Structures are given as structure tokens and as C-alpha cells.
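Atoms within each ligand, like the ligands themselves, are counted from 1 in listed order. Note that the coordinates shown come from a computational prediction; the quantities given were computed from them, not determined experimentally.
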Amino acid sequence: MAPFAPRMTTWAVAFLHLLFTHQTGGAEDGQGQDVILGELGTNALLPCRDLPANVTPSVTRWLKDGSVAVTRNYSSSPRSPDLSHFYVHDNGSLSILRLQTIDEATYSCECATQEHGVHAGADLRLLVVSGPTDVIMEIRPTSKHENGTLFVHNGSVVVFRCLSQSYPSLNLTWTLDGDTPNKTPVSTNGSLIQFELNVEPSFQGNHSCTAENPLSKRRVSRSMELLVYYAPERHPECSWSAANDSSFVLFTCSWYGAYPSPVLEWLDDKSAVGGSRSAIERAEGESLEVMLNRSRLTDHQTVLCKASHVALNEGEEKFCSFELKSPYPEGEPMVTALEGSTVTLTCTEGSSIPLAKTTWTRTVKQEDITPSGKYVMSDEGPVFRLTIVNVTKQDEGIYFCRSENPLGVREMEVYLTVKDSASNTGGIVGTFIAVLILGAGFAIGIAIYSNRDRICFDPRFSLMSEERSDVLSLVDSDEEIFSERVPRLPAMTNGHSTTLVEIHRIPSSDHEDQLNKGESQEHEQEHHDVILEAE
Ligand SMILES: *[C@@H]1O[C@H](CO)[C@@H](O)[C@H](O)[C@H]1NC(C)=O
Ligand SMILES: *[C@@H]1O[C@H](CO)[C@@H](O)[C@H](O)[C@H]1NC(C)=O
Ligand SMILES: *[C@@H]1O[C@H](CO)[C@@H](O)[C@H](O)[C@H]1NC(C)=O
Ligand SMILES: *[C@@H]1O[C@H](CO)[C@@H](O)[C@H](O)[C@H]1NC(C)=O
Ligand SMILES: *[C@@H]1O[C@H](CO)[C@@H](O)[C@H](O)[C@H]1NC(C)=O
Ligand SMILES: *[C@@H]1O[C@H](CO)[C@@H](O)[C@H](O)[C@H]1NC(C)=O
Ligand SMILES: *[C@@H]1O[C@H](CO)[C@@H](O)[C@H](O)[C@H]1NC(C)=O
Ligand SMILES: *[C@@H]1O[C@H](CO)[C@@H](O)[C@H](O)[C@H]1NC(C)=O
Ligand SMILES: *[C@@H]1O[C@H](CO)[C@@H](O)[C@H](O)[C@H]1NC(C)=O
Ligand SMILES: *[C@@H]1O[C@H](CO)[C@@H](O)[C@H](O)[C@H]1NC(C)=O
């Protein structure tokens, strides 16, 4: 026996042995057996229990589930341990090499000794365990960044899956580190864990799957980073403001609430007029400002801000735009007021994009009118009003409703005529006389008509017809339109220095002047509607 000893020692060193041994509760297997766990594919060592330490058996027999598995007669030479599945050591212990699941059984030893006869060791329960192996973790369908990080769009349905192999059973646990309210790990003891979820931003995080062999307590974990991308439903917001330098306009586009940061781009969109879109500026971020020289802006030009984001669906466009429009103030070109009364001039600026700054100015010098006891200004949406309190003769003249946006300036001229009480009386008298004459004309006409058979030409009749034509000239007015260059109006900053002014000349009716001689000078005034046009 002595010659074998060194060889056996060497072999024993290479031995992979028990993971652990523990005393199980009697209830579990009902026989108070010792349980030994052996990892699949490794070697297990089963001691022959209760054999007195210094006793050397002559023959050892190991029984597997009651039948003899291996016998060693110490008198005969042992087989090489490398070649056998079962090997009995000198001290009676049994080695099982490269464990297989079929090795799982209850083992017991029997040793025959010369001094003490036959010794039977206590039963040992060998459990073969394996794994967890091949832990596979998947999150699908997702897209992958170059660095391997997965990303998915908010709201998509994603299958989370983890599988592994383990013997005899497997406990799989899926954990998410993140702000998930539903953070409780999902756990099963099958070989697969799979669930489907409607992804929300809270699912962003490092997901991990832990596979545990409940018997050996061995664990294997995998983890994956998942990013959840989202973009707001709404479109970006386009706004503008005047830049410090008055020749520039600052356009701002903002689109908050997207993750990761979107790419915003300002474009000059000529697609409506058969052109194409050309980029002005493009940058990553939730807000993009661009300063445009006014000279690049034209009437009816469209500037557009487009948002690009990974979470937008194919063909889905998020944008905002301005169709730039020059200001166009409109209103009554002529207003007449009685001296001492209160008069309101009205101007409507409804077309300007971006919104124009609309002000009231006066006279040729175009002084701004500032609110005071005399002037009350108000604006209600697009309607701008100038109220002049206690109108006097000095208030008569031209008022401008001046509207300015980055594209240019347009003005509407309002001519205020102030009549004193006397002229007003004259007007009333004139109108009264006119109505009287008209009435008389009708009465006479009817009388003549009803007596037409009796009528002969009478000098009174020709007089009457003259009066009638006079009355008709009351409503008869002709209109002349002509154009002239008016250098007084400021040239626009965009280099379109030419300004065209249309003047609608509407001569005042002259019947009053005929009836109220002496006032005719004042009523000869021409009323202008001046509109500044950009060319
Ligand atoms: C053990 O081997 C010896 C010699 O080979 C033999 O005499 C003996 O009978 C064997 N014992 C048993 C129990 O088989
Ligand atoms: C029996 O011998 C083997 C190999 O030499 C050794 O690994 C094991 O610990 C021994 N067992 C006992 C109970 O002494
Ligand atoms: C991988 O790339 C994405 C996008 O570039 C980035 O958001 C993420 O943080 C990266 N992850 C790692 C682990 O570097
Ligand atoms: C994610 O999508 C859901 C609906 O699919 C929506 O209600 C929610 O507002 C979105 N979250 C974000 C941050 O966009
Ligand atoms: C599985 O593992 C989890 C976490 O480690 C534990 O909470 C759970 O009780 C285990 N389940 C089983 C059946 O062992
Ligand atoms: C999970 O574990 C429980 C208790 O340990 C057991 O009854 C059940 O059969 C196991 N299920 C699977 C699929 O292994
Ligand atoms: C996931 O873990 C990595 C490494 O610890 C960390 O850099 C990353 O920020 C985590 N990702 C998330 C979404 O929490
Ligand atoms: C624009 O005006 C702001 C505040 O009035 C000032 O802080 C800024 O420096 C000015 N920018 C330029 C370019 O003049
Ligand atoms: C704005 O554009 C005009 C015409 O192209 C140019 O003359 C002017 O210098 C520009 N202004 C600035 C501040 O660049
Ligand atoms: C209106 O103006 C005139 C002339 O300035 C002045 O005499 C008069 O008191 C004013 N009336 C009112 C009601 O303010």
C-alpha cells in the first residue's frame, strides 16, 4: 500500500471537492441524511462517515441507492483514478469524477476491517447542481448606439427577456435601477423571465437580470443600459424680437421637453414660391437664436424652424414658421369733428407679421404723440385708437398711423377737419335748404306730372330744373388718382429707398360753399389717403 501513497496525494490536490456540506432538516428528506452538493462536471468527494480514523479497511464498498457501485479490495492493485468514474481512497472516501446528473443519489459505504469487522457508514445524499449558465438578457425591439447602449422611444411596447440554465432549478430576478414606481423585481424560478411593457421615461436606467441557483446560491448577473427617448407632441415655438442693432431681427425657436436634446434649424423656406429650403442656422439644443439682417427679409418670405429628433417618427415634422408680412395700417382717411368735441381716430393693423409697432404721429414733422390730457391712446388687438379731447382749430391737420415691423414702415394718413359751430350751423342750414328744395321739386314735379295735359312751357319750370341739378351735384363727386414721390417719408432700412405714395384726391362737395360763401376757402382742402409702399 505504501508505494501508492505519493501518487494519491498528488491526485488529491487536483481534486475539486465539495461546494459545501450541510445538515438538512429531518423533515426535508425524512432520513436525516447528510447532503452533499456537487457541481455538474466537477469531482465530488464523499467521506465514509464514522469510520475510526486510524483504521485501514481491507475492502470498501460503496452503494448507490442500495446497489453496489464500486468495491475496492485493498489487497489487489487499484485502478488508476484518472480512468474511473468512481474511485475509493485509502481512507474509504469515494471520489466521483466529472459529475453527471445521473450521479444524484443516496450513497452509503461499507468497510471490512480486520480488527472491527464490517463498518457501515451513514447515508449521504448527493445533489448535483449546475449553473446558472448562459445567462442571456434581451430588450426588444430597441435600437443600439455605437457604444452598445440601447435606446427606445417612449410609448413603444418592449419585451424584456432573460433566460438561463440551472440545475435543479433557477431563480431569475429582473431589477431596474431607475425612478420606476414599479421597481419591485420580477422573479421566477423557471428558466425564462419575460414580460412586455409600455415603455415610459421612468424605464430608463440600468436593467439587470440575476440568475441564481437556489441550491448552490450561485449567482450570475447581466446588466444593460436602456435609454428612453421622447419628444413633445407640440411644435416648436417661433418668436422674434428686435435686436439691439436696429438693422437686425432676432428670431428665437424653442422646443423644450425632448430627450435627448433636439437639433433645431432655421430655414429660409421658398417652397411656397417654387423654391427650396435653405439653411440659415442649425444647432443642437432646446433653443436656437438667429440674428438676421433686415436686408435678408422680404415681404411674404417664410422663415421656418424645424426640429429634428431621434424620437420622431418617419415623416413626422415638428416646426414653426413665420410668413413675414409688411405692416398695412387701415382706417378712415378723413374725419370731421366739431370744435370743442372729442374725436377718435381709428387705425387697424391686422396684417403685419411679425407684429408691428404701431404709433400715432402728427403733421409733417411726424412727432410722436404721447398720451396726455389731450391725447388718449388705446389698443385693442389690432385696433389702435387715438382720442383727441376738446378739439380745437389747431388740431386740424394730418395724423399718421405709423406701423413698423422688421420689413418696413407703412403709414396711414388721417385728415382731421375741425369745424366751428358757425360752419356747422351753415352746414345744417344748407342741408335743410337742400332737402327743402328737393322736397319742393318733387312736389312740383308730381303736380306737373299729374297735370301734364294742362302744362305748357312756363319760365318757372326751367328755374325749377336748374335747382334740381344743383341738388344732384351734392352727391356727385369725381375722384382723381395720381402718384408722386414723397421724400418726407423715411426710406426703409432694407435699402428699398423708393417709396410710392398713392393719393386719392376727393374734392369736397361745393354745394355748401355756394350756399355759405366766405367759408369756401377752408372747404377747398384736399383729403389724402397716403399709403407708403415698399417696392
Ligand atoms: C481480496 O483480494 C485477495 C487477493 O487478491 C483475495 O484473496 C481476497 O479474497 C479478496 N477479498 C475479497 C473480499 O474479495
Ligand atoms: C481521505 O483521503 C482523501 C485523499 O487523500 C482526502 O482528501 C480526504 O480528506 C480523506 N478523508 C478523510 C475523512 O480523512
Ligand atoms: C452611449 O452613447 C449614447 C449616445 O451617444 C450616450 O447617451 C450614452 O451615455 C453612452 N453610454 C455609455 C455607457 O457610454
Ligand atoms: C410618453 O408617452 C406617453 C404616451 O405614450 C405620454 O403620455 C407621455 O407624456 C410621454 N412622456 C414624455 C415625457 O413625453
Ligand atoms: C429569488 O431571488 C430573489 C432575490 O434574490 C428572492 O427575493 C426570492 O425569494 C427568490 N425566490 C426563490 C424561489 O428562491
Ligand atoms: C418554483 O419554486 C416553487 C417553490 O420553490 C416550486 O413549487 C415551483 O415548482 C417552482 N417553479 C418552477 C417553474 O420551477
Ligand atoms: C448605468 O450605469 C452606468 C455605470 O454605472 C452609469 O454611467 C450610467 O449613467 C447608468 N445609466 C443610467 C441611465 O442610469
Ligand atoms: C444688447 O443689449 C443687452 C441689454 O440691453 C446687452 O446686455 C447686450 O450686451 C447688447 N448686445 C449687443 C451686441 O450690443
Ligand atoms: C446688412 O445687410 C446690408 C445689405 O446686405 C449690408 O449693407 C449691411 O452691412 C448689413 N449689416 C450688417 C451689420 O452686417
Ligand atoms: C377747450 O379748449 C379751449 C381752448 O384751449 C379752452 O378754452 C376750454 O376751456 C377747453 N375746454 C375744456 C372742457 O377743456
Side-chain angles (χ1 to χ4, degrees), residues 1-21 34 36 38 42-57 60 62 70 72 74 78 80-82 84 86-97 107-109 111 113 119 121-122 124 139 142-154 177-178 201 203-208 222-230 258-263 284 308-311 337-343 372-376 387-396 418-421:
M1 199 179 82
F4 297 114
R7 213 172 128 197
M8 306 264 275
T9 314
T10 320
W11 177 71
V13 170
F15 224 68
L16 271 168
H17 41 277
L18 307 173
L19 285 171
F20 62 89
T21 309
D34 278 352
I36 288 178
T42 64
N43 304 332
L45 180 68
L46 280 63
C48 188
R49 282 284 165 95
D50 311 322
L51 187 68
N54 47 3
V55 169
T56 307
T60 301
W62 276 92
V70 59
R72 181 170 172 197
Y74 292 84
S80 159
D82 306 329
S84 42
F86 294 113
Y87 180 79
V88 180
H89 293 272
D90 290 352
N91 59 14
S93 299
L94 171 71
S95 272
I96 306 172
L97 281 75
Y107 291 86
S108 59
C109 66
C111 300
T113 55
H119 165 83
L124 283 176
I139 304 178
T142 50
S143 313
K144 210 177 211 171
H145 278 300
E146 276 172 15
N147 62 15
T149 302
L150 302 177
F151 65 93
V152 68
H153 298 175
N154 174 39
D177 102 277
F203 289 116
Q204 168 157 319
N206 289 302
H207 291 261
S208 63
R222 293 272 181 279
S223 90
M224 265 183 179
E225 186 178 14
L226 179 71
L227 301 176
V228 180
Y229 290 163
Y230 49 86
Y259 173 80
S261 276
V263 170
E284 188 189 323
S308 309
H309 195 267
V310 63
L338 267 186
E339 205 167 6
S341 70
T342 293
V343 67
S372 61
K374 179 81 186 162
Y375 300 112
V376 179
T387 302
I388 305 169
V389 180
N390 188 13
V391 176
T392 63
K393 260 299 182 214
Q394 283 78 50
D395 294 325
E396 187 164 86
V418 179
K419 294 187 175 181
D420 56 27
S421 322

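The ligand atoms of ligand 2 that sit less than 4.0 angstrom from a heavy atom of N91 are 1 (C), 2 (O), 3 (C), 8 (C), 10 (C), 11 (N), 12 (C), 14 (O). Atoms of ligand 2 found under 4.0 Å from any heavy atom of H89, numbered from 1 in the order shown, are 4 (C). Residue L227 approaches ligand 3 through these ligand atoms, each under 4.0 Å from one of its heavy atoms: 7 (O). Short contacts between ligand 2 and S93, defined as distances under 4.0 Å to a heavy atom of the residue, involve ligand atoms 1 (C), 11 (N). Within ligand 3, the atoms closer than 4.0 Å to a non-hydrogen atom of N147 are 1 (C), 2 (O), 3 (C), 8 (C), 10 (C), 11 (N), 12 (C), 14 (O), numbered from 1 in the order shown.
For T149, a nitrogen or oxygen atom sits less than 3.5 Å from a nitrogen or oxygen atom of ligand 3, counting backbone and side chain alike. Considering backbone and side-chain atoms together, H145 places no N or O closer than 3.5 Å to any N or O of ligand 3.
Note that the CZ atom of R72 and the CG atom of L94 stand 11.5 Å from one another [nearest 0.5 Å]. In this structure, CG on L97 lies 4.0 Å from CG on N43, to the nearest 0.5 angstrom. The distance from the CH2 atom of W62 to the OG atom of S93 is 7.0 Å, given to the nearest 0.5 Å. Separating the SG atom in C109 from the NE2 atom in H119 is a distance of 5.0 Å, to the nearest 0.5 Å. Rounding to the nearest 0.5 Å gives a distance of 11.5 Å between OG of S208 and CE of M224. We find the OG1-CD1 distance between T42 and I96 to be 10.5 Å, quoted to the nearest 0.5 Å.
Within the 4.0 Å heavy-atom criterion, the part of E225 lying near ligand 3 is the side chain and not the backbone.
N154 is not listed as a side-chain neighbour of Y259, based on a closest heavy-atom distance of 4.5 Å or more.
Between the side chain of H89 and the backbone N or O of N91, no donor-acceptor pair lies under 3.5 Å. With hydrogens and angles disregarded, no donor-acceptor distance shorter than 3.5 Å links the side chain of K144 to the backbone of F151.
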Would you mind writing out a table of all protein N or O atoms found under 3.5 Å from any N or O atom of ligand 10, naming both atoms and giving the distance to 0.1 Å?
residue: ligand 10; atom: 2 (O); partner: N390; partner atom: ND2; Å: 2.4
residue: ligand 10; atom: 11 (N); partner: N390; partner atom: ND2; Å: 2.7
residue: ligand 10; atom: 14 (O); partner: N390; partner atom: ND2; Å: 3.1

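With sequence neighbours excluded, no residue forms a disulfide bond (SG atoms under 2.5 Å apart) with C111.
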